[in-house]
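Throughout, a chain's letter reflects where its sequence line sits, starting with A, and its residues are numbered from 1.
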There are 2 protein chains.
Amino acid sequence: MDTKYLAIYNHYVEKIESGQLRPRTKLPSEHELTRMFHTSRETVRKALNLLAQNGYIQKVKGKGSFVLQVDRFEFPVSGLVSFKELAARLGKESRTRVLSLKATAPEGEMVNHLNISPSQPVWQVVRTRTIGGETIILDKDCFRQDIVPELTVEICEDSIYEYLERILEKKISFAKKVITVEEPTEEDRNLLDLDGYPMVVVVENYVYLEDATLFQYTESRHRPDKFRFVDFARRHQ
Amino acid sequence: MDTKYLAIYNHYVEKIESGQLRPRTKLPSEHELTRMFHTSRETVRKALNLLAQNGYIQKVKGKGSFVLQVDRFEFPVSGLVSFKELAARLGKESRTRVLSLKATAPEGEMVNHLNISPSQPVWQVVRTRTIGGETIILDKDCFRQDIVPELTVEICEDSIYEYLERILEKKISFAKKVITVEEPTEEDRNLLDLDGYPMVVVVENYVYLEDATLFQYTESRHRPDKFRFVDFARRHQ
DNA sequence: GAGGGCAACTTGTATATACAAGTATGCAAG
DNA sequence: CTTGCATACTTGTATATACAAGTTGCCCTC
């Protein structure tokens, strides 16, 4: 709700996600919107382009903007969403257990993943995620200690992202994800309710701040039957 | 190379992907770029915002635009890329085999997936993809026949996307993907070199045209060890 | 009735301008 | 040496205008 164009964007995100605007509905034309929101056409267009980018509407030259079907309440949603946000959306009972939390020098692969010197200490966190009584996700996080100076079990049980953004006022900017499928390790078998499943889905996550410094590497290991990734992509710009 | 801002965008995509511009390099300021490209600042900003969206650069208020590390030559790349485009990028020897191609009424699930009436005939194509001697992907495509009137084995062996865009001049606009992991079916076991792997990665793909009509549903079934999905996402806009 | 063409609409691109806000630099005062 | 401030830079937002290009509907002509 910061700027004008974000206000317009959020206004329509709400209307579309809540179902007040059905798919195939035509939005008012850009000229009408400028009148409705007492602003300029370029500002309206910024909002509409954002909506189109994120899959809410489709713009057709000469015709107008039309509401698309959104079904982004699936698990897990594409993009950058924390476990806590996800669980809240699903409305399911969930639990995060912190298995270990230690400050160490980065070990082996971590040096490469975080692209730092071995002398730069890091936080290493291992957590399991339980939904509906089943332990489904094993998260192994690694944070640069110079960026996250203090970390407690309580914070890890809650939401690390929330702590970073609200308390430390660090702004998470973007992330790269790599999804692969592997055989479970001994650790996976011990910590997860694998239920006989012979593979795990591994999501490697590289998280960057606004100044493009890589400050977190996460390996998220999922039981395959509970894994689901949804992606929306436009072919050309 | 259509419009000015796309020309600037493509100019820097090339320079960044080819390595001529190293990560952490600072781009010229927006004012400088307007002079360099003989255009206006807003046009430059359109190009830069596109670069930022797609993970090529990071814009920092008060500082400038900086080149990010791009490693999008991984397999398969995120977004909407056809198998032929992918194979070309990887430079590997690849082969597409058409196992069946028939025009039928949509069966069972297809009616739901394509959201059409049972009287609307469709093309059903089953293909396998072989890379480096191993048959790794099983593709089951379903196209609306009113949109794709003619389809031959030759086209299916080449690239259906290319045929659609170049010959039919249909413009693919966006797609939704859902990635899950399942146990292989009898069909998977017969047609793929599963090599003992007990699961397959299933990518459901819903492809839409510019007028937002859903015209294709594809189920792409991958051998898990050869599957890889890369995603780039910005947290806020 | 069929077709062409004009007019009025839509979104897309490009330009110019103004001000806000974050960052870096250097200089002067303490 | 440190602090604070002014200044010149950077990107972000907002506005107004013009024209291009695709779509729709209407009217006129044949």
Would you indicate, yes or no, if [N] has its OP1 or OP2 atom less than 4.0 angstrom from a side-chain nitrogen or oxygen of [X]?
X       : N      : result
A/Thr3  : D/dG12 : no
A/Lys46 : D/dA14 : no
B/Tyr5  : C/dT13 : yes

Do A/Glu17 and A/Tyr56 have side chains that approach each other closer than 4.5 Å (heavy atoms only, starting at C-beta)?
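Touching, per the 4.5 Å side-chain cut-off.
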
Set of residues satisfying ring-ring contact (aromatic ring centres under 6.0 Å, His included) with respect to B/Tyr208, sequence neighbours excluded
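Partners of B/Tyr208 by the ring-ring contact (aromatic ring centres under 6.0 Å, His included) criterion, ordered by chain and then number, come out as B/Phe174.
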
Produce the list of close N/O pairs, under 3.5 Å, pairing protein atoms with atoms of nucleotides 3-8 of chain D; give distances to one decimal.
none

Rounded distance (Å) that lies between atom [atom2] of [N] and atom [atom1] of [X]:
X        : N      : atom1 : atom2 : value
A/Gln58  : C/dT10 : CD    : P     : 18 Å
A/Arg45  : D/dT13 : CZ    : C1'   : 16 Å
A/Lys4   : D/dT13 : NZ    : P     : 14 Å
A/Ile8   : D/dA14 : CD1   : C1'   : 11 Å
B/Ile57  : D/dT10 : CD1   : P     : 15 Å
A/Glu210 : D/dG12 : CD    : P     : 10 Å
A/Asn49  : C/dT13 : CG    : C1'   : 12 Å
B/Leu48  : D/dT11 : CG    : C1'   : 10 Å

Is the shortest distance from a Lys or Arg side-chain nitrogen in B/Arg127 or B/Asp141 to a carboxylate oxygen in the other one below 4.0 Å?
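Result for this pair is yes, salt bridge flagged.
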
Please determine if A/Asp139 and A/Arg129 form a salt bridge, counting it only when a charged side-chain N lies under 4.0 Å from a carboxylate O.
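Yes.
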
For side-chain contact (heavy atoms from CB on, under 4.5 Å), just list the numbers for A/Gln145 and A/Glu150, CA-CA rounded to whole Å, side-chain angles, deciding distance to a tenth of an Å, and then say yes or no.
CA-CA 8 Å; A/Gln145 222 181 104; A/Glu150 199 50 42; over 6 Å; no

A/Lys46: partners by salt bridge (charged side-chain N to carboxylate O under 4.0 Å, His left out), with sequence neighbours left out
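Result, salt bridge (charged side-chain N to carboxylate O under 4.0 Å, His left out) vs A/Lys46: none returned.
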
Taking salt bridge (Lys or Arg N to Asp or Glu O under 4.0 Å) as the cut-off, I'd like each qualifying pair that reaches into residues 51-60 of chain B, sequence neighbours left out, listed once.
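Listed by first then second residue: B/Glu30-B/Lys59.
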
Listed in order of residue number, which residues of residues 28-37 of chain B have a non-hydrogen atom at under 4.0 Å from DNA chain D?
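The stretch gives B/Ser29, B/Glu30, B/His31, B/Glu32 as the residues lying under 4.0 Å from the strand, ordered by number.
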
Working for side-chain contact (heavy atoms from CB on, under 4.5 Å), residues A/Leu151 and A/Phe143:
CA-CA 10 Å; A/Leu151 208 53; A/Phe143 298 89; 4.1 Å; yes

Any chance you could list the contact pattern along nucleotides 16-26 of chain D? Use B for base contacts, S for sugar-phosphate-only contacts and - for none, protein heavy atoms under 4.0 Å, 5' to 3'.
B-B--SBSS--

Kindly give the heavy-atom pair with the smallest separation between B/Lys4 and B/Thr43, and that separation in Å.
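Of all heavy-atom pairs spanning B/Lys4 and B/Thr43, the closest is CB-CG2, 4.0 Å.
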
For A/Tyr217 and A/Glu204, run side-chain contact (heavy atoms from CB on, under 4.5 Å): C-alpha distance rounded to whole Å, both residues' side-chain angles, the deciding distance at 0.1 Å, then the answer.
CA-CA 7 Å; A/Tyr217 168 75; A/Glu204 293 175 274; 3.1 Å; yes

Applying side-chain contact (heavy atoms from CB on, under 4.5 Å), run through B/Leu21 and B/Leu27 and close with a yes or a no.
CA-CA 9 Å; B/Leu21 281 172; B/Leu27 294 191; 4.0 Å; yes

